Structure formats: C-alpha cells, structure tokens
2 protein chains.
Amino acid sequence: MTRDQRISPEDLDTLCFTILTAGGVDVSQAREVARNLVWSEFVGRENFGLLRLPVYLKRVAEGGLSCPCTPTFMDVSESASLLDADNGFGQYAAGLAMDKAISLARVSGIGTVGVRNSNFFGTGAYFVHQAARDGMIAMVMSNSFPKVTAHGGVAPVLGTNPLAFGAPRKNGESLMFDMATSALAGSTVRQHVANGKPLPEGMAIDADGAAITDPSRVEEGSLLPAAGAKGYGLSLLVEILAGVLTGAGVSGDVASMYKDVSRPGLNGHFMIALDVTRFMSMEHFQDRLEGLVAVLKASNPNSEVLFPGEIRWRNHKVNSDLGIALGDATRTAVETVCEWTGVECPWSPVLQTA
Amino acid sequence: MTRDQRISPEDLDTLCFTILTAGGVDVSQAREVARNLVWSEFVGRENFGLLRLPVYLKRVAEGGLSCPCTPTFMDVSESASLLDADNGFGQYAAGLAMDKAISLARVSGIGTVGVRNSNFFGTGAYFVHQAARDGMIAMVMSNSFPKVTAHGGVAPVLGTNPLAFGAPRKNGESLMFDMATSALAGSTVRQHVANGKPLPEGMAIDADGAAITDPSRVEEGSLLPAAGAKGYGLSLLVEILAGVLTGAGVSGDVASMYKDVSRPGLNGHFMIALDVTRFMSMEHFQDRLEGLVAVLKASNPNSEVLFPGEIRWRNHKVNSDLGIALGDATRTAVETVCEWTGVECPWSPVLQTA
C-alpha cells in the first residue's frame, strides 16, 4: 500500500497488535490496547490512537508500564469494586473495570469500579460506548498528571482530569460526551504546537498569572480550568473520585506520560454504569432520549445542531466504508515504532531526519 | 427587632415554618423546607433562601405544588430506587431521596435515587452536605425549565440543570461544589436585573443568535451553556439522568416556577451517594483529601486559593456566631408573605408601594 492509502480496520488492528507485542507488551494487554487505539482512529480521535505508540513502547521499555501485569479486583459489595491495575496500560485496566461495572450493574442496577495504580487510559468515550453497547448509561473519569491550576491559583496542581458520559441510542450510535475539565486538553495543546497556531487568552498562564498564548510555552506554565470555578470544581470531583477515593496517586503523585517514562503513572479512574432496564424498559428510555435529541436538532432553523458523539459516528461510518485514513503524524509514529521493533511497515516509510 | 437586625437561626426557622403552614403547606413538608431555606441563608445563598417564599406560596395556592403530597419509593435493587414525588416541594422530595440514597449506600457501598414529579429543589449543596455529614461522597443533579440553548442552537431547550458534588472533610465543613451547567444561573440573571448590571457577552443570545447584555432581556432569548460544548454535554448528562431515566419531564415538559404557577414542575432529580468507608477508612480518606486541599491552598504565593464551599462555611460561622443577616430583598419577601398569611412579621415592615 502507499503511505496515504486508507487501511482496513482488521489490518490496522493486526499491525497495532503486532507492534505492541514486538515492543514487549503481553498478548492480553496488546489485544485490548490495539482494539482501543483502532477504535479511536475509527471515530477520528487521532490523539488517542496509534499516534502514542512511541511513548507507550518507551514506557514499556523503561518500566513506566508493566507487561505483563496482574490486575486484582477487591469487591466492596454487589454494586462496587476496586481494581488495582498493577501498573498496566490504562486502556486495559479501564476496559476490565468497565466490564466489571457492567456486570455489577446487571445484578444491582448500578455498578461502580474505582481503579488505582493505572496509567493514561486514552479517551473515556471508548468506555462509555463499551457500556452503552450493553444497554448502560455510564460515567467515566480519570485523574492525570498536574498541568492545570486551581481557580485562583498559578501553579499546576490538577490534571486535565477528563470526564465522559454516554447513553445507548436506538440506532446503536451511543451518545458520547468526553471533556477535559481544563480550558484545553493536553492533546489540543500539542495540536496547536504542531500547527504553529497561537492559543487564545484565558487558556494558559505563567507562574506570575500572565497569559501564555504561545502553545510551546504552556509547559513552563499551566492550563486554566474550563470556565473558571466550574471547571475547577469538576476537576476536583474527578480528582476525589478517581484519585483520593481509589487509593491512586493524587495531584503531583501522578507521573507525566511523556516526561517520566520510567515512572509508573499512578493514575486513578472511576466508572459508574447504570442498567437502564432496571429503571424503565429500554424501548421507553430510548424513545424518550430520541425525543430529546429531536428537540435539540430542531433548536436552530439556520444551522445544524449536533449532539455529543455525532461527529464521531460520522467518522466511524466513513472509516467503516472506506477504511481508516491515518493522519500524517500517526503514520510517522507507526514508521518509528516499526523501525524500533523490526515489524514491517505496510507502506514505504518516508525518510526521517535523524 | 428592627428590620435590619440579625435573626437567630431558631427564630428564623420558626418564622419560616409558621409562614409555610399558614400558607397551606402541610407540616411534614413545611418542616423540611424551612430547614432547607434557613440553611441556605446560613451559608449565604440568599437566592435559595426565604426570598422565594412568595412564589412557593403562590404555587401552593394555585396547585403548582401539592400540599400534602404522598411521595412513593419504588425500589430497584439494594442500591437503587425511584421516587415519585407526587408534585411536592423539590426540597422535600430531594431530602427524602438523599436519605434513601444514604441508606442504600450503607448497605451496598453506593446508593442511587432518581426522582420524578418533583419541583425546583433549591441548592444541590444542601443535599451533598446532608450526605457528607453521614460520611458520604455525593453527586446531586436536577433538570429544570428550559432557558438554555444547545451548543450551536438558538432556542431554549435545556434547563440551567445544576450539578452538585460534595465530600466529607475532617473538620465537618464538607467540600461543596454546586454549578449551573449554563454560563449563568437563573438566580444570577435575576441579581443582575435587581442591580441594573449588564451581562458580559457570551452569556445570553436572542433568537437570531445575537448577544444579549441587558439582563432584563434574557427572558426574550436564551442563556448559553457554560464553556460551549462542555456545558452542553454536562447539561445533557443532567437531563438524561434526572429527566429521561427517572420518568420526569424532559426539556419543555418542565414548567417554569415563576411563569406557570398552577402547573406542576415535573422536575426530575438524580442522587448518588458513596459510602467512603466501604472503599477505605474515613481517616485515611480524609487525610488524603486534606493533603489535596493543602496543595490547592499553596498553589498561589500571592493570593488566596479557595476550594469549593469555603466561602459558604465562612458565612455559616459568622451567621452562627451573630445570627443570620437577611438581605433586603428577602426581608421584603418575608413582609409580603406575612401580609398574605396573617403571620406577624418580627419587625415593622417598610411601607410597600402597591
């Protein structure tokens, strides 16, 4: 194939799995992580896809990610459990945790699982969709390495602490909402750096509280919480549930994925799954939800109103029909890890400047 | 007493209870609503305090609030329940729902209660503190009358849909976070109208999408969601859990407290309580939480960093020590309802222009 050709999801999954295992990842984790990264490409979230393979493999090599790992559940009750992820991939641990939350919710209407000793888990949308496919409404959150101020603070003390929510729609395309509680996601900052685009004011500040608009300078300072006190409160909700309550790292205990490649992330996650059918029939719930969606869609006569996840499912459809189009940065990342691991790259890599 | 004298919490509770019962509220609801409104005054949330007595009594007289009411629980499992509030006060229904969520969480680690056929419930902070006093982390949300656009919409289709979160602190002053998912709360708009203060841009728009900065014109248009797509997604989280899943009113089904005084609100609420001690010892949790609070407090060398609820507890301390200082608008509201109900006002009312 040529470098810019679309690739079938099956071939991409095989490539990703092969790279991961060649890079030292055990089969159980590699299978789940590949599925997660390919899904992220499917729905057009390049930042949570194969783009991060180089840093993942660096962390595996340096001990920042344990392969294999032995995740252990400690059941709290028939509706709650804690998972020690044993420093495995966050995508793997969070997938196991959501499976468990779904099982608990089947038994008791609601299931909740807290995860500690984990790592960056990618996009929370993956796990809320995992739940929605099984008829569950879900909330998913994770704390992360501190790069965001408190409201009124100037030092980075909180992660971008994402919060995701999902619900099962009639057509199988779940409503998926996934937000950083900071004014910008870390991945968006990296996009701005890559594109050379300045940041608007109100996104990041330096240690004196002065605005940073050069995205490459964000690392010297901090991101601001989204909408001031609101994002700050939401970030604390995530930090307390995913970090404090689970026994995971809190604030500065959580390691940077990129800067501390040999240090376990100590991230914590928190999952809640609700079995819709314990509250009302699925048909009734979905009719009510589609009624709400119809109201949203009709709320602007002059331009389209989207609901959370809609763009993702359009990408999914195009990528299902035509094959997945990898972004340029992702292709380079794949070429890099192919070279590291000796896996044959399915296209002719472009020459890299060393 | 004089009109501007501070009043003891006991006297204020008695006054509030007496006014409510004289205005047709049954004893069970009056007791709980008085407690809720006085607490709101205690912590300095005038907008959720006695200020709203006139509209509450109008709704009681016109059938928009049922007195008495017969709330009925339908248990889903040992961790989940649904409450039909029978059109009672939201403060009453939500208090019962949180009590139930706490009991369920004692049994199974997590308790969740959905409420339908309810009304405006005041501040969610009251209920998260109710849970925190019992050693619980809690989330509380409610849908409300649509006055907020979808992200990208121009018509009001969602309520200000508040979301509250709380956790028990070592000193008994729980962390309390309570946000409207809209750029502004309805009560803040009314404050701006009262003070004649214009709104900044980005808070409200008219039906053509043009900014509204005159707060008295907000009713002609819509509020915007907080932080665009983020507030929109959070508002949908609230609408789906508190509205769609509970069987409550959704979007335009929910009545305006002020404009539809004879129409049941059909508001829905959703409560989640987590028993901290099922996850780790309370001492360990609170040490970890205080560690986080210390990091937040130390994150600006030049000015104070607050955590959610801190101002509320300062107000509580002052009002406990000195008695509660009612705001001028609240005094007028109390004078009005005293006149309606024949209850003796504890101070000499100022002359009202008819």
Side-chain angles (χ1 to χ4, degrees), chain A residues 76-80 82 107-110 112 114 137 139 149-155 157 165 167 175 177 179 226-227 229-234 236-237 239-241 243-247 250-252 272 274 276 278-280 285 288-289 291-292 295-296 299-300 302-308, chain B residues 76-80 82 107-110 112 114 137 139 149-155 157 165 167 175 177 179 226-227 229-234 236-237 239-241 243-247 250-252 272 274 276 278-280 285 288-289 291-292 295-296 299-300 302-308:
Chain A
V76 170
S77 73
E78 70 172 25
S79 21
L82 280 166
V107 172
S108 63
I110 181 164
T112 180
I137 294 174
M139 285 178 70
T149 65
H151 181 57
V154 292
V157 287
F165 174 76
L175 186 150
F177 164 62
M179 69 174 271
K230 294 185 196 231
Y232 173 46
L234 291 168
L236 286 174
L237 179 160
E239 194 72 27
I240 291 171
L241 288 175
V244 177
L245 184 66
T246 61
V250 174
S251 186
I272 301 176
L274 287 153
V276 168
R278 302 295 290 261
F279 293 83
M280 59 177 60
F285 172 80
R288 287 169 63 82
L289 181 56
L292 174 59
V295 168
L296 303 173
S299 70
N300 191 335
N302 300 312
S303 81
E304 191 183 17
V305 177
L306 298 166
F307 57 84
Chain B
V76 171
S77 72
E78 70 173 25
S79 22
L82 280 166
V107 173
S108 64
I110 181 164
T112 181
I137 295 174
M139 285 178 70
T149 65
H151 181 56
V154 291
V157 286
F165 175 76
L175 186 149
F177 164 61
M179 69 175 270
K230 294 186 196 231
Y232 173 46
L234 291 168
L236 286 174
L237 181 159
E239 193 73 28
I240 291 171
L241 288 176
V244 178
L245 185 66
T246 62
V250 174
S251 186
I272 301 175
L274 287 153
V276 168
R278 301 296 290 262
F279 292 83
M280 59 176 61
F285 172 79
R288 288 169 62 81
L289 180 58
L292 174 59
V295 167
L296 302 174
S299 71
N300 191 336
N302 300 314
S303 81
E304 191 183 16
V305 176
L306 298 166
F307 56 84

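Throughout, protein chains are lettered first and strands after them, A, B, ... in sequence-line order, and every chain is numbered starting at 1. Given the structure is predicted, the values throughout are model-derived calculations rather than measurements.
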So which of Leu245(B), Val276(B), Val157(B) has the largest heavy-atom pair count under 4.5 angstrom toward chain A? Leu245(B)
Identify which of Gly152(B), Gly153(B), Ser299(B), Ala155(B) forms the greatest number of heavy-atom pairs closer than 4.5 Å to chain A. Ser299(B)
Choice from Ile272(A), Leu306(A), Thr149(A) maximising heavy atom contacts with chain B below 4.5 Å: Leu306(A)
Is Tyr232(B) in contact with chain A via its backbone, its side chain, both, or neither, using a 4.5 Å heavy-atom distance? side chain
Do Leu234(B) and Phe165(A) make a side-chain contact, defined as non-hydrogen atoms from C-beta onward lying under 4.5 Å apart? no
Any Leu241(A) side-chain heavy atom under 4.5 Å of Leu274(B) side chain: yes
Does the side chain of Phe177(B) come within less than 4.5 Å of Ile240(A)'s, by heavy atoms? no
Search all heavy atoms of Gly109(A) against all heavy atoms of Ser77(B) and return the closest pair with its distance. N-OG, 4.4 Å
With only heavy atoms counted, which part of Ser79(A) is less than 4.5 Å from chain B, the side chain, the backbone, both or neither? both
Quick one: does Thr246(A)'s side chain get under 4.5 Å of Phe279(B)'s, heavy atoms only? no
Among Val305(B), Leu175(B), Val107(B), the residue with the most heavy-atom pairs under 4.5 Å to chain A is Val305(B)
Validation row: Lys230(B), Lys230(A) side chains within 4.5 angstrom (heavy atoms): no
On a heavy-atom basis, the closest approach of Ala80(A) and Ser108(B) is CB-O, 4.4 Å
If one checks every heavy atom of Ile137(A) against chain B at 4.5 Å, the contacting part turns out to be side chain
Does any heavy atom of chain B fall under 4.5 Å from the side chain of Val250(A), the backbone, both, or neither of them? side chain
Picking from Ala226(B), Gly114(B), Gly231(B), Gly233(B), which has the most non-hydrogen pairs under 4.5 angstrom with chain A? Gly233(B)
Segment of Leu289(B) engaging chain A (4.5 angstrom heavy-atom cut-off): both
If you define the side chain from C-beta out and look only at heavy atoms, does anything of Leu292(A) sit under 4.5 Å from Leu236(B)? yes
Against chain B, work out which of Gly247(A), Ala167(A), Gly291(A) has the most heavy-atom pairs shorter than 4.5 Å and name it. Gly247(A)
Going through the checks in order, is the side chain to side chain contact (heavy atoms under 4.5 Å, CB included) test met by Leu82(B) and Met280(A)? CA-CA 10 Å; Leu82(B) 280 166; Met280(A) 59 177 60; over 6 Å; no
dist Thr112(A):OG1 -> Arg278(B):CZ (nearest 0.5 Å) comes out at 12.5 Å
